[in-house]
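Excluded from the calculations below are hydrogen atoms, water molecules and symmetry mates; all remaining heavy atoms, backbone and side chain alike, are included. Order of the sequence lines sets the chain letters (A, B, ...), proteins ahead of strands, with each chain counted from 1.
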2 protein chains.
Amino acid sequence: MELDSRKATILDAIIQTYMETGEPVGSRTISKYTDLHLSSATIRNEMSDLEELGLIVQPHTSAGRIPTDKGYRFYVNRLQEKQKKEEETAQQEQAVNSLMIARTSRMEELLKKVVQYLAANTQYTTMISAPSYKRNKVKFIQLSKLNPRQLLNVVVIDGNIVKNHIIDLKDDITDEQVLKLNLLLNTRLNGLSLADINLGLISNIKEEAGEHSSIVNEVLDTIADVIRAETDENMEIYTSGANNIFKYPELADGQKASRLISTLETKDSLKELVKDTEEQEANGSDGIQVYIGDENSDDSMKDCSVVTASYDLGEGLQGTIGIIGPKRMDYERVMENLKTMKASLNEAFKKQPAIPDHKKEREVVPDIE
Amino acid sequence: MELDSRKATILDAIIQTYMETGEPVGSRTISKYTDLHLSSATIRNEMSDLEELGLIVQPHTSAGRIPTDKGYRFYVNRLQEKQKKEEETAQQEQAVNSLMIARTSRMEELLKKVVQYLAANTQYTTMISAPSYKRNKVKFIQLSKLNPRQLLNVVVIDGNIVKNHIIDLKDDITDEQVLKLNLLLNTRLNGLSLADINLGLISNIKEEAGEHSSIVNEVLDTIADVIRAETDENMEIYTSGANNIFKYPELADGQKASRLISTLETKDSLKELVKDTEEQEANGSDGIQVYIGDENSDDSMKDCSVVTASYDLGEGLQGTIGIIGPKRMDYERVMENLKTMKASLNEAFKKQPAIPDHKKEREVVPDIE
DNA sequence: TGTTAGCACTCAGATATATAGAGTGCTAAC
DNA sequence: GTTAGCACTCTATATATCTGAGTGCTAACA
């Protein structure tokens with residue numbers, strides 16, 4: 001079965017109505033709500049189809065329909081496409097934000113203000129990760145032959161953080177080849193950060209490495225590992241509006257609320273979210289990530305949706321903003337809010353010289369390709 | 001009516017049973033529970049008396065009794081007296097704490113660990129205020145005559161924080177007298193902190209001020225105000241175990257829980273608690289403060305009890321630990337926990353030279369009296 | 001005078017039953 | 001393809017009934 005435009009309209013109508021009420025939506029409601037001018041009976045037929053497609057369900061036989069995770073996903077995807085085309089501005093909002101940002105001197109306070117503002121504005125729970133350096137640089141790489149089929153790989157990054165890792169080989173390797181690889185990797189990678197090591201550079205190195213290109217992959221993985229671990233370890237996260245979850249009956253139930261609050265307090269899962277968002281961002285997503293229901297890794301958030309966006313203060317300083325609400329959250333508004341805030345932050349720090357206490361030793365990055 | 005020892009025993013039994021169950025306690029339960037060997041009928045008579053004294057109430061006609069705020073207060077007061085006499089040690093617990101403290105280098109992390117430990121240990125919600133200097137010093141005091149019946153009082157403390165305040169006089173004052181007062185106040189108070197200005201010093205100054213001793217009072221109030229305000233403004237508070245409130249049905253109700261969470265997040269009321277605790281401490285209390293139900297200023301905590309203790313890292317660095325739970329919390333255990341933790345903190349920082357980044361410019365305090 | 005057994009009474013909470021209404025699926029007609 | 005009509009389902013709400021924990025009071029007892 002296909003999802004024609006009329007079905008999509010009906011799905012939208014169901015989701016939007018459900019967003020407001022939180023109650024199952026019946027066919028008669030849709031019949032009146034939309035400008036499709038169809039009778040409730042027709043809507044019922046369409047709804048039956050939408051149910052078959054797995055986009056909506058009935059909580060029980062004689063109830064209206066509510067969207068499934070898949071339904072929300074559909075809705076959000078279309079929303080994102082729409083927004084990409086529109087590229088809307090939201091000027092005046094951004095002005096407010098900029099003002100707030102300008103008035104705040106300490107980074108920590110700014111972050112707290114940002115989450116508070118967003119929580120008040122959206123009526124959901126919000127989080128923000130303090131910007132951390134995504135530009136820890138590779139200092140030194142060493143491959144040592146343990147035996148003809150095994151290499152020990154040692155990677156050292158800024159601050160003398162060391163990670164080592166054993167690489168198993170399919171074929172024997174000679175001392176000379178190891179020497180060549182060491183030279184290659186060090187000349188090409190030393191002084192570079194995660195962001196600097198792009199696909200062009202990688203394929204270039206692999207080409208030079210010839211038959212041992214798979215070793216390059218393993219070395220790169222180790223580099224990614226250690227830099228990630230280093231930056232994630234000390235990640236600071238601020239949250240706000242935890243009490244907002246009580247505004248949504250589907251989350252306010254004691255058991256669920258307790259676990260959610262606990263998750264917000266522990267922050268481990270939030271760190272995961274931040275990590276994931278930044279990874280997605282690195283992989284070329286447009287910057288707004290949406291996790292719906294079961295798409296969240298943490299059990300306590302299976303009834304929630306999380307929308308995240310990472311912001312960039314330049315010079316490799318990067319963090320993530322997130323909004324946590326019920327699955328029936330107002331995705332459109334939330335996404336707009338995040339986009340605006342992201343833009344405001346990026347903007348504000350383009351003018352001001354980034355963070356007060358940050359040393360500006362911007363290095364010239366070798367431009368390959 | 002008097003509260004004889006038997007009534008007190010019964011009250012204790014009711015409170016302790018209610019602590020465990022959270023349900024109204026009936027006469028038969030008490031009859032079996034205590035070693036008084038009295039029939040339920042007798043207990044009923046006694047309970048009736050306790051109710052008349054306002055120490056317990058029935059939620060409804062045919063229910064058992066639950067303690068009132070006054071009942072808890074009674075219980076807690078007797079507990080404190082008992083503990084004062086006993087002066088128990090709790091050695092092994094303290095050893096655990098000391099270990100934890102020794103292992104932690106950064107103050108912020110230590111505080112977080114402390115609240116987490118306490119929350120896990122007590123199953124209540126916990127808070128801690130970061131130690132702040134109670135030793136901001138008076139830099140300069142100036143009294144200027146606006147007219148014969150009004151003085152302008154300006155107080156400057158470390159960091160050039162200024163507070164001014166108009167003092168109304170009952171009688172006229174001469175320029176000469178103002179000059180003398182200025183000299184007196186500056187010579188005696190400059191360079192002193194709140195802690196340094198003790199009752200001996202105060203009475204001494206008043207004596208010298210003679211007929212204008214009331215002005216001294218007002219000046220001292222202003223000094224206290226500005227130093228307090230300065231230190232409170234930047235007070236950092238960490239909380240933990242917010243989700244524990246869901247363990248107690250009387251707090252877990254949506255409305256109440258939401259407001260409590262909000263209070264914990266905003267932290268303003270917690271700051272009030274810290275302030276109040278430290279004031280009480282300054283006034284010579286033994287160090288453990290208990291706020292029961294309505295005794296809390298914040299509405300969201302009217303169903304809670306809060307137990308606080310301030311700790312002292314030496315050199316004027318002081319902070320407060322607090323435990324927030326239902327009114328039927330296990331006061332005895334909580335108070336012991338706080339005492340132990342307080343002792344551990346005080347102890348640990350007596351050995352180590354206080355806080356890493358703290359400049360040690362201990363000044364010789366003029367010793368009057 | 002304090003203690004206790006006995007009994008009628010109260011009331012919250014659990015359980016069972018009836019009712020209303022929102023909403024569906026299906027059929028037959030347009 | 002659309003719609004009106006109708007039987008059917010199931011939740012939520014209201015209502016009545018029952019149960020038991022617990023009380024207060026009285027009268028008898030030590």
Side-chain angles (χ1 to χ4, degrees), chain A residues 1-11 13-15 17-18 20-68 71 249-250 252-253, chain B residues 1-11 13-15 17-18 20-68 71 249-250 252-253:
Chain A
M1 196 187 319
E2 260 311 280
L3 187 91
D4 57 31
S5 122
R6 194 171 77 176
K7 284 190 174 58
T9 309
I10 292 174
L11 178 61
I14 292 173
I15 292 180
T17 314
Y18 186 62
E20 288 166 28
T21 63
E23 311 252 289
V25 184
S27 55
R28 231 176 85 81
T29 311
I30 299 301
S31 159
K32 283 185 291 183
Y33 179 91
T34 57
D35 38 7
L36 286 172
H37 299 298
L38 293 171
S39 78
S40 63
T42 312
I43 302 291
R44 276 205 289 284
N45 291 334
E46 294 289 45
M47 278 171 131
S48 175
D49 290 355
L50 284 170
E51 182 155 15
E52 207 174 310
L53 286 164
L55 300 173
I56 54 179
V57 280
Q58 288 180 283
H60 57 88
T61 326
S62 72
R65 296 330 203 276
I66 60 175
T68 60
E250 61 265 49
D253 150 64
Chain B
M1 196 186 317
E2 262 309 282
L3 188 91
D4 58 28
S5 122
R6 195 172 76 174
K7 284 190 175 55
T9 310
I10 293 173
L11 179 61
I14 293 172
I15 292 180
T17 315
Y18 186 63
E20 288 165 30
T21 63
E23 312 250 290
V25 184
S27 54
R28 229 176 88 80
T29 313
I30 300 300
S31 157
K32 282 184 291 184
Y33 178 92
T34 57
D35 38 6
L36 286 172
H37 300 297
L38 293 172
S39 78
S40 61
T42 312
I43 303 290
R44 276 204 290 283
N45 291 334
E46 294 289 44
M47 278 171 133
S48 176
D49 290 354
L50 285 170
E51 182 156 14
E52 207 173 309
L53 286 164
L55 301 172
I56 54 178
V57 279
Q58 288 181 283
H60 56 88
T61 325
S62 70
R65 300 322 206 277
I66 59 175
T68 60
E250 63 265 49
D253 150 64

Donor-acceptor pairs are to be reported for all side-chain atoms of residues 60-68 of chain A against protein atoms at under 3.5 Å, with residues two or more places apart or in another chain.
{"from": "Arg65(A)", "atom 1": "NE", "to": "Glu51(A)", "atom 2": "OE1", "distance (Å)": "2.9"}
{"from": "Arg65(A)", "atom 1": "NH2", "to": "Glu51(A)", "atom 2": "OE1", "distance (Å)": "2.9"}
{"from": "Thr68(A)", "atom 1": "OG1", "to": "Gly54(A)", "atom 2": "O", "distance (Å)": "2.7"}
{"from": "Thr68(A)", "atom 1": "OG1", "to": "Leu55(A)", "atom 2": "O", "distance (Å)": "3.1"}
{"from": "Thr68(A)", "atom 1": "OG1", "to": "Lys70(A)", "atom 2": "N", "distance (Å)": "3.3"}
{"from": "Thr68(A)", "atom 1": "OG1", "to": "Gly71(A)", "atom 2": "N", "distance (Å)": "3.0"}

* Asked: What pairs with Asp35(B) under salt bridge (charged side-chain N to carboxylate O under 4.0 Å, His left out), at least two apart in sequence or on another chain?
  -> none
* Contacts of Gln58(B) that satisfy side-chain hydrogen bond (donor to acceptor under 3.5 Å, both in side chains) - sequence neighbours left out -> none
* Leu50(A) has an atom CG; how far is it from atom P of dG23(C), in whole Å? -> 17 Å
* To the nearest angstrom, how far is Asp49(A) atom CG from dG1(D) atom C1'? -> 13 Å
Which atom pairs, donor and acceptor, lie under 3.5 Å between side-chain atoms of residues 25-32 of chain A and protein residues at least two apart or in another chain?
{"from": "Ser27(A)", "atom 1": "OG", "to": "Arg44(A)", "atom 2": "NH1", "distance (Å)": "3.3"}
{"from": "Ser31(A)", "atom 1": "OG", "to": "Leu38(A)", "atom 2": "O", "distance (Å)": "2.9"}

* With rounding to the nearest 0.5 Å, note down the distance linking NZ in Lys7(B) to CD1 in Ile56(B). => 10.5 Å
* How long is the span from the CZ atom in Arg6(A) to the OG1 atom in Thr42(A), to the nearest 0.5 Å? -> 6.5 Å
* nucleotides 24-30 of chain C: protein proximity per nucleotide (B base, S sugar-phosphate only, - neither; heavy atom, under 4.0 Å) -> BBB----
* When rounded to the nearest 0.5 angstrom, what is the spacing between CG in Asp49(B) and CD1 in Ile10(B)? -> 9.0 Å
* Rounded distance in Å - CD1 (Ile10(A)) to C1' (dG1(D)) -> 13 Å
* Structure fact -> Taking for Leu38(B) and for Pro59(B) the nucleotide of DNA chain C with the nearest heavy atom, the one nearer the 5' end belongs to Leu38(B)
* To do: Could you work out which one of dT2(D), dA12(C), dT3(C) sits closest to the side chain of His60(B)?
  => dA12(C)
* Asked: Are Leu11(B) and Glu46(B) close enough, and set up right, to give a side-chain contact (heavy atoms from CB on, under 4.5 Å), and what steps lead you there?
  -> CA-CA 9 Å; Leu11(B) 179 61; Glu46(B) 294 289 44; over 6 Å; no
* Can you tell me the distance, in whole Å, between the CD1 atom of Ile43(B) and the C1' atom of dA5(C)? => 15 Å
* Under the 3.5 Å Watson-Crick or G-U criterion, the dot-bracket string of DNA chain C, with | for inter-strand pairs -> ||||||||||||||||||||||||||||||
